[in-house]
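These values consider heavy atoms only, across backbone and side chains, with no hydrogens, waters or symmetry-generated copies. Naming convention: chains lettered A, B, ... in sequence-line order (proteins, then strands); numbering from 1 in each chain.
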There are 2 protein chains.
Amino acid sequence: MPATNRLAALASPSQAGKTRGGEANVERILDAALAVFAVDGFAGARIDAIAERAGLSKPNLLYYFRTKADLYLAVLRRTLDMWLVPLAEMDTQSDPVAALTGYVTRKLEYARDYPEASRLFAMEVMRGAPILNAVLENDLKRLVASRSALLTRWMEAGHLPRRDPVHLLFMIWATTQHYADFSTQVQALTGRTLEDPAFFAEARRTVLLAVLGRA
Amino acid sequence: MPATNRLAALASPSQAGKTRGGEANVERILDAALAVFAVDGFAGARIDAIAERAGLSKPNLLYYFRTKADLYLAVLRRTLDMWLVPLAEMDTQSDPVAALTGYVTRKLEYARDYPEASRLFAMEVMRGAPILNAVLENDLKRLVASRSALLTRWMEAGHLPRRDPVHLLFMIWATTQHYADFSTQVQALTGRTLEDPAFFAEARRTVLLAVLGRA
DNA sequence: CCAGGAATTGACCACCTGGTCAGAAATCGT
DNA sequence: ACGATTTCTGACCAGGTGGTCAATTCCTGG
């Protein structure tokens, strides 16, 4: 996974030479950190809060991750693949409509099942992506370029309405992630969530209608 | 403006009884605060940084806004109308296509001209909207309900493709704000901004095609 | 069973940051 | 001109937070 490798190269991994059962702790820490970072952001997150949520003492957490930044980086790294993989796999299905339908569905499932990861990613990008910038400008950029070419071919073959493929991707990302990142607003306005299958279907239908030009 | 009033009722305004020329300072402070809050979030924002950006000393800033929370609230309040007004004015144009075209265009202009305000709003909602919740569940909810009815009427009259109007609004919001909130990503992937008229037109065209079902 | 490394902890510290305060400038009404 | 009020400032403080450290407990391999 190139993205992971690139990100790994950005900073030295802080958790070295662990051999014993502490790996379970690392997982718990990362889960807790994701939950806290996704709500309070990097600056607002208290490392005590993360430790408590993970069931550890603060110094014990610092034993696994030397600094808050290391922990943040690790969480980001674990999250990133979830973001990239669906797009990378979009071409495996040869039928354009099926491929896009599958992609949109996976993005919505992602928004439903990992809203915290989506929020973390959003916050990082909104901060100016100080950490992810390198990944964006390389791996993601290449990936988008190749997918754009694919989409353009599909459009020219008449399977999709013509438009700029990159903007189309933006629209898919923005809308699907909206349900995760702005779930508070969605909840306030509709009282529902993607967990509700009917609501999920409505959202999916709306996006697909927009992308494919038909239901 | 009901939204402003509601927000004002949420907390006591901190800047009282100013009569002299300090009003200009208040403006400068609000501008600076918006810039800083939009990048670093509430927790990450340093009040020193805001003061410096506004060209004041920290205690002097605190003279105008007693606490950081007061300042945050004031910035949020000033921002909110920009968000609500376009939607509220959507029906003034009787032609459905023109009305939606105008709305999308205004939202994109807003994303282009006030990206920081958009980001601030996004961050607040992503935090769980601890302050804006009341506004969302009342003013915005009512507004959305009325606009949904309008959209539904238009769909039934055959002016628009049929779909859930609330999801349609979500899609418009998500996509237009994406260009402001994720401008780092947009920039990294395309090297362009909404400031570029051609790019603006592409974005606009993509959204309109999705919303109206035709260009 | 024991030695040695891994895991864990309480106590601690340096530093940052929001906020205070007494008083100095600046400004205004009269 | 002058008192009163607003505006502004340097110095300061209390609380919180990231991170350290010596010391203890827990495992595990031999």
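Ring planes of A/F170 and A/H167: perpendicular class, angle over 60° (limits at 30 and 60°).
Enclosure of atom CD in A/Q187 by more than 12 non-hydrogen atoms of other residues, nucleotides or ligands within 6.0 angstrom is indicated. Enclosure of atom CD in A/E52 is not indicated, since only 12 or fewer non-hydrogen atoms of other residues, nucleotides or ligands lie within 6.0 angstrom.
Remark: P of D/dT7 and CZ of B/F65 are 12 Å apart, rounded to the nearest angstrom. Protein atom CD of A/E23 is 13 Å distant from nucleotide atom P of C/dA6, rounded to whole Å. Rounded to whole Å, atom P of C/dG18 lies 15 Å from atom OH of B/Y72. Spacing between atom CG of B/L62 and atom P of D/dG10 amounts to 14 Å, rounded to whole angstrom units. The CG atom of A/D40 sits 14 Å away from the C1' atom of D/dT17 (whole-angstrom rounding). Between the CD1 atom of A/I29 and the P atom of C/dA7 there is a distance of 11 Å, given to the nearest Å. Atom CG in B/L61 sits roughly 14 Å away from atom C1' in C/dT17 (whole-Å rounding).
Contact annotation: A/N25 side-chain N/O to C/dA6 OP1/OP2 distance is not under 4.0 Å. Listed pair A/Y64 / C/dT8 meets the phosphate criterion, a side-chain N or O lying under 4.0 Å from OP1 or OP2.
Look at B/E27 and B/R78 and you find a salt bridge, because one of the NZ, NE, NH1 or NH2 atoms lies within 4.0 Å of a carboxylate O, short of that distance.
The side chain of B/N60 sits closest to D/dT9 out of D/dT9, C/dT20, C/dA6. Listed candidates were D/dG10, C/dT8, D/dT7. Nearest to the side chain of B/Y63 is D/dT7.
Contacts between residues 46-58 of chain A and DNA chain C, defined by a heavy-atom separation below 4.0 Å, involve A/S57, listed by number.
In this structure B/W83 satisfies the ring pair (Phe, Tyr, Trp, His ring centres under 6.0 Å) test together with B/F121, B/W173, sequence neighbours excluded.
There is no side-chain donor-acceptor pair under 3.5 Å between B/Y103 and B/E89. A donor atom on one side chain and an acceptor atom on the other are found under 3.5 Å apart for A/S183 and A/R119.
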